[in-house]
Amino acid sequence: MDRSVEEKWQKRWQDSHLFEPLQDESKPKFMITVPWPYTNGPLHVGHGRTYTLADIIARFRRMRGFNVLFPMAFHQSGTPILAFSERIRLGDEKTINQYRDNLMEYEEPENIDSIMESFKKPENIASYFSDRIVKDFNSLGYSIDWTRRFTSADPFYQDFVKWQFERLRSKGLIKSGKYPVLYSVDDANAVGEDDISDGDIDKVTIEEYTAVAFRGDEYSLLAASLRPETLFGVTNLWISDHGDYVIVKVEGEKYAVSAEAAQKIILQHEGSAIISQVSSDDIISRKFTAPFTQSRLTVYRASFVDPDNGTGVVYSVPGHAVWDYVAIKQYGVPATPVKVISVQGGEGLTVESLVTEAGLSDLSDSGKIKDATQRLYREEFYSGRMNDSNGPFSGMTVQQAREAMRQELISSRLGFIFYEVSRKAQTRGGSKVVVAVLNDQWFIDYSVEWWKQESHDLIRRMYYYPEFYRNAMHEAVDWLRERPCARRRGLGTRLPFNSEWVIESLSDSTIYPAVYTNAAEMKRIHEILGKLPEEIVEYIYGSGTDESVSHYGEEVVLLAQSARRNLHYWYGVDIRLTAHPHLSNHLSFYVMNHAALFPKELQPRGLIITGLVVSNGAKISKSKGNAISLLKIATRYSADLYRLFVAVNADMSSTLDWNESEINAVRKRYETFLELMGQAGRQDRFVPTQVEKWFLSRFNQHMKEYIERMEGNDLRGAIISIFYEVINDLRYLENRGGNLPYSISSVSELWVRAMAPVIPHTCEELWEKAGKTGFVSVEQILDGDIGEIDESALAAERYLQKLVQDIRDIIKATKIDPASIGISVCSGEMRKLAQMLMEDRVSEATPRLKPFIGDFMKNRKNIDLGVEDEAMVIRSSRQYLEKLFQCTVNIEENNPGKGGKVAWPGRPVISLARQQ
RNA sequence: GCGGAGGUUGCCGAGCCAGGUUAAAGGCGACAGACUCAAGAUCUGUUUUCGUAGGGAUUCGCCGGUUCGAAUCCGGCCCUCCGCACCA
C-alpha cells in the first residue's frame, strides 16, 4: 500500500480521536500494555514486533465489542541516558558518531549539529527520542491512545513512585544494609555496565574471594583465594616479585598486602587504613602460621603473583593448583604437593597429569596454565570430595567444604570475604574499576514469605500465553531475594526516605500502568497544587476517604474522584505483552509489586510472552549494524506489509527471523490479496453452482477458525486461515472455472473486516472504495456474521478432489496417457447395501448382495456416504475434468455382478482407456 | 550446577496438552508443465521410497513401554537453545 495512503488513514484516525476511549459501562473493557521503552535512541524491528502484536490484539478486541485501551508512555530513568549525554559532552567519538547516525534518519543534515549540542543535556536526549518513537509508532498505524502519554521523569509521576515506596516501606518490604558494587576509584562512585569500557561486550562481575590470615609475629600475611577448601594442602606462600607491600589495619588486626589490595580493602571495610609500608625482604624474612594445619610456612617471591589481583599474596597448594606446582618446580622450592581432594568419576584430571599432558614447565606459559587451572577447578568443584587429611571437613564435597571452611575462618577471625572484579576493567573515562562495599544500600526485600505467597496466588489466577510461562513465573518469584532498589546516580525519582539515593530504573517501573488510567487527572492535580500529595495518591490508589482529601478544595477532590473511578474502571491490565528476557526481572517485579500494593480486582489478569527478533539469523545489535529502525520499515516496506509479516511469519512465542526473501514472499501474497479484492464485482443474476457454494462454506469455516484462534491469541494460525487459506481457495475456485467476481464480492466485506486488525490501512482503503462509511477499524466482527457452512457442498467438492487425486495416482502408477476416462459411480442398490453394512445390519442384506460383503470390508476405509448424488457432482464438473486431463470423461452407473470392480459410495470405479 | 524450552519430512515451521480423520497444515526452496520471442511474474503438478490401476513399505532425536492403534501418552538416554540479577 502506498505510503501516502497509509499516512492519510493515520491522520484520519488521529483527527477523529478513534483510539482514545473513555469509560463506557455498556461494554466490557480491555486494557493491553507493552513495557515502556527506554528513550536513549530509536527503536528497531525487535521493539516493533511486540507493539505490533499488541496492536493487532487491541484492534481485534475492539472489533469484538470491547472498550479497548492501548496506552503508552516513556521510560527515562537510569544511567545510560546520563552516561551517553556525558560522553557527548566529553567529546567521545564513538558515542557522537552513533548518535549522528541515528539522527541522519530523521533530520536534515543542517539541523544535526544543533540537536547534538542539545544532547549535552540528558533530558533532551530523552525527550527527543520519545517524540521520534511517537512518530515511528504512528507511522506503523498503532491504535495507541497518546492522550495518556507521560514519562518516568514527570514530577507528578515521581510523586506517585514516592507514594509506592512509602507504601512498600510501611509494609516492611524495604530495608538497607551492606552491598558490594562496582566502583570507580577516581570518580568515587558506583558504576554500571555502560560506564565501563567494553562493559557491554565483556561483562564485569563481582567475585567473592576468601581472604585468609596467616598469622605472624609482627603482622599477618593475608592471602586471597577462590578455593579455601584447599587450605589443608598449603605448603608455602607467594608474594609478587615486583609489587609494593603495605600493612593495613582491619578491625584491629594488622595484615601485609599489596598496595593495590589495601586500597580495595579500605573501600570494602569501613574504618580500615594503611599504617605503614613494608618491604618484601621483611616479609620474606618471617615465617607465618597456616590456619587449621598450624604449619609454619616460608614465603617466596614469584613472578606470577599479580599485586593487583586479590591481596597480592597467594598461598601455595601445589597438589591442587597448576600455577603453584609449576612455580615450585621452576623456583626449586622444597615443597611436596599434598592431595587433600579426591575425585570420583570425572576425567581423572590431576595437577601432575595436566602438567605432563600440556608440557608445562615454565610460568611464562600463562595461557596454557590458565586453561589447565580452569579444567581442574571444574572437575574438583563438581566431582571432588575432601579426603581424610582435612580434619573436621573430611568427607564433605568440595562445595560443602568451601562454604564450611570459609564460615569457620570468618568466625575464628582468621578470614573475611574479599571482593574482586572478574577481569581488569576501567571506566570509559579511564578510571580503575574495583569493588567497594556500600554500607547503606537500600533494598526491596522480595524474599518476604507472605509477599511470595500473595504473588504465587496472583500468578495462579492469571492468564498466560504460552501457558508454560506460568511455571516460569513461579520459579522467577521464588528465586528473587533482596534487590538493591536505589543507586547513587542516574535519572529518576529520589528515595522519599533518603534523598541521596535515586530509585533504580527497574524498581520505578513496576506499577506504572495504573497511571495510564488517570494520568490526566494526576497531572492536573500536580499543576494545581505544585505537587501530588501522598494523601491524594493514597485516596486514588489506596484506602483514603473523601474526608482525607476534602481540604484540598473542590476541584482537586473532583479530579481525585475521577482518577479513582478511572482506575477502577480500567485497571487490572488484561494483557501485558513483552519478550521473554523480561520474565525474570521486569515481569516478576510487576507481578510482585501489584500483589503487594493492589487489591485483587486491580491486579494483572494476563501475560503474553513473545520471542525475540533476529535479522538473517543473527542477533540484532546496534554494533553489528543490523538494527533496522522502525521509521525505515514504514518507508521502505510499508506499515501493513511489516504488520502482516510480523503476524504471519512466526508464532508469537518463537523467534522471528527478519530477512528480505521472507518479506518478499509475504509481499507477493499481500499483492495477490489486493489483486483479488480488485476483482470483486456484484453479480446479482448469477446463480451459484457447486464450486461457489463450496467456496462460501469454506470461507465461513475459515472465518470461524479465525475468530477462535484470535481469541486464543494464536495470531499466526488465525491469519494463515483467513488469509493464506482463503487465497488458496480462490485460486482453486478460479481453476475450477468458478465465478471469481461473484465469490469475492460475497465475502469481501467480512474478509476486509477480518483482515483489518493486521493490515488496517489497506482495509480502510478497501472499505472506503467499497462505498462504506465510517472506519472499518471500529466495525464489529460478530459470530452472527458468519454465514452457513453447507456440509454437503463441502463433501461434494472433497469428493471431486479425491476423484482427481485418484485419477492422477493411477496415471502416475501406470504411466498411461488416457484417451478417455470412464467413471462408474455406485448404484442405488449398492448404496443401500453400504449403508446397511456401515450400520452393522449385515443380516438384512439380500442373498444376491451378500457376495459383495467381502469387497466392502476390503474397501471400507475409503467408503464415504457424504455425497448423495455422485453422478450429478461429476457431470456438473465434467468440463473441468476434461480440461484437466485433456481427454473425454464418461460417466455411468456401476452395475455390479458383471465381474470387474465394484463401485462403492465415495469410491467410484475409474478406468483409463489407452491411446490407440 | 539451578530453572525453563525444545529436537518433525531439503529448509523454516504447525501438529503433541484432549492417541486413530497425519506421509503429517502453511510458507520457502527445488524440479516439471502452462503462459511468454526470452526472462521475470503468475498459475498447475511433483517434491521419503517402491509400484503398468487409486496400493504397499518406512518415517516425526535414540531405546524401551502402554494401547487394537503413538509424532501425539509413560520411563530412560543423547543433543540444542534461553535465563541466572541490580542492567535497561
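Here the structure is a predicted model, which is why all the values come from computation and not from measurement. Numbers restart at 1 for each chain; the letters A, B, ... are given by sequence-line order, proteins then strands.
- Across all strands shown, B:G51 forms no Watson-Crick or G-U wobble pair with both key distances under 3.5 Å.
- Interface residues of residues 644-656 of chain A facing RNA chain B, ordered by number: A:D651, A:S654; criterion, heavy-atom separation under 4.0 Å.
- Remark: the separation of the C1' atoms in B:A18 and B:G13 is 23 Å, to the nearest Å.
- A:Y446 has its ring centre no less than 6.0 Å from the ring centre of A:W479.
- Contact annotation for A:P908: base contact, defined as any heavy-atom pair under 4.0 Å involving a base atom.
- Listed pair A:S584 / B:G3 fails the phosphate criterion, with no side-chain N or O lying under 4.0 Å from OP1 or OP2.
- Between A:L587 and A:I609 there is a side-chain heavy-atom pair separated by less than 4.5 Å.
- Base pairing of B:G64 is made with B:C74, judged by Watson-Crick or G-U wobble geometry with both donor-acceptor distances under 3.5 Å.
- With rounding to whole Å, A:L583 atom CG is found 12 Å from B:A5 atom P.
- The same atom, P, is picked in B:U8 and in B:G15; the two are 14 Å apart, to the nearest Å.
- As rounded to whole Å, 10 Å separates atom P of B:A41 from atom CG of A:N664.
- Following rounding to the nearest Å, A:W479 (CH2) and B:G1 (P) show an atom-to-atom distance of 19 Å.
- Under the Watson-Crick or G-U wobble criterion, with both distances below 3.5 Å, B:G10 is paired with B:C28.
- Salt bridge present: A:E504 and A:R483 bring a charged side-chain N and a carboxylate O closer than 4.0 Å.
- Remark: P of B:A25 and CD of A:Q701 are 17 Å apart, rounded to the nearest angstrom.
- Between B:C28, B:G4, B:C86, one nucleotide has an atom nearer to the side chain of A:R669 than all others, and that is B:C28.
- Under 3.5 Å, the side chains of A:S509 and A:H75 contain a donor-acceptor pair of N or O atoms.
- The gap from the P atom of B:C35 to that of B:C73 amounts to 50 Å, rounded to the nearest Å.
- In this structure, the ring of A:Y51 has its center no less than 6.0 angstrom from the ring center of A:W36.
- Side-chain proximity of A:N471 to B:C28, B:G4, B:U52: nearest is B:G4.
- Defined by atom type and a distance below 3.5 Å, a donor-acceptor pair is present between the side-chain atoms of A:E797 and A:Y732.
- Summarising the geometry, the separation between CD1 on A:I719 and P on B:A14 is reported as 16 Å, rounded to the nearest angstrom.
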When you compare the protein's N or O atoms with those of nucleotides 44-46 of chain B, which come within less than 3.5 Å of each other, and at what distance?
| unit_1 | atom_1 | unit_2 | atom_2 | d |
| --- | --- | --- | --- | --- |
| B:U44 | OP1 | A:N735 | ND2 | 3.2 |

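- A:V477 comes within contact range of no nucleotide atom at all, as no heavy-atom separation falls under 4.0 Å.
- Rounded to an integer number of Å, the gap from CD1 of A:I810 to P of B:G54 is 7 Å.
- Between A:E467 and A:R470 there is a salt bridge, with a side-chain nitrogen of the basic residue lying less than 4.0 Å from a carboxylate oxygen of the acidic one.
- The shortest distance between the side-chain N/O atoms of A:R716 and the OP1/OP2 oxygens of B:G26 is not below 4.0 Å.
- Across all strands, A:A813 comes closer than 4.0 Å to base atoms (heavy-atom distances).
- No side-chain donor from either of A:Q801 and A:Q805 sits under 3.5 Å from a side-chain acceptor of the other.
- Using P as the reference atom, B:G65 and B:G54 are 34 Å apart when rounded to the nearest Å.
- In this structure, CD1 of A:I459 is placed 17 Å from P of B:G3, rounded to the nearest angstrom.
- Residue-level contact check: A:E725 touches the backbone only, with heavy atoms under 4.0 Å from sugar-phosphate atoms and none from bases.
- Taking atom C1' on both B:C50 and B:C16, the two are 30 Å apart, rounded to the nearest angstrom.
- With both ends at atom C1', the span from B:A70 to B:U58 equals 16 Å, rounded to whole Å.
- Following rounding to the nearest Å, A:H586 (NE2) and B:C87 (C1') show an atom-to-atom distance of 14 Å.
- B:U36 is unpaired under the criterion used here, namely a Watson-Crick or G-U wobble arrangement in which both key atom distances are under 3.5 Å.
- When every heavy atom of A:S455 is checked against every heavy atom of A:V591, the shortest pair comes out as O-CG1, 4.3 Å.
- With sequence neighbours excluded, the residues forming a side chain to side chain contact (heavy atoms under 4.5 Å, CB included) with A:S184 are A:D187, A:V191, A:T427, A:S431, listed by chain and number.
- The side chain of A:H75 sits closest to B:A88 out of B:A88, B:G54, B:A53.
- Salt bridge A:R698/A:D729: present, at least one basic N to carboxylate O contact under 4.0 Å.
- In this structure, B:U80 forms a base pair with B:A5, meeting either the Watson-Crick or the G-U wobble geometry with both donor-acceptor distances under 3.5 Å.
- For the OP1/OP2 pair of B:G55 and a distance below 4.0 Å, the side-chain nitrogens and oxygens of A:R907 include at least one atom meeting the criterion.
- More than 12 heavy atoms of other residues, nucleotides or ligands lie within 6.0 Å of NZ in A:K452, so this atom counts as buried by the packing criterion.
- In this structure, A:Y469 and A:I727 both approach RNA chain B, and ranking their closest nucleotides by distance from the 5' end singles out A:Y469.
- Taking only side-chain nitrogens and oxygens, A:R487 comes nearer than 4.0 Å to OP1 or OP2 of B:A88.
- In this structure, A:Y179 has its ring center closer than 6.0 angstrom to the ring center of A:F443.
- Nucleotides B:C79 and B:U46 have their C1' atoms positioned 34 Å apart, rounded to a whole Å.
- Contacts of A:L912 with the nucleic acid, taken as non-hydrogen atoms under 4.0 Å apart, include base atoms.
- Counting only heavy atoms from C-beta on, A:D806 has its side chain closest to B:G54 among B:G54, B:A53, B:C87.
- Only the C1' atoms considered, B:A85 is 44 Å distant from B:U66, to the nearest whole Å.
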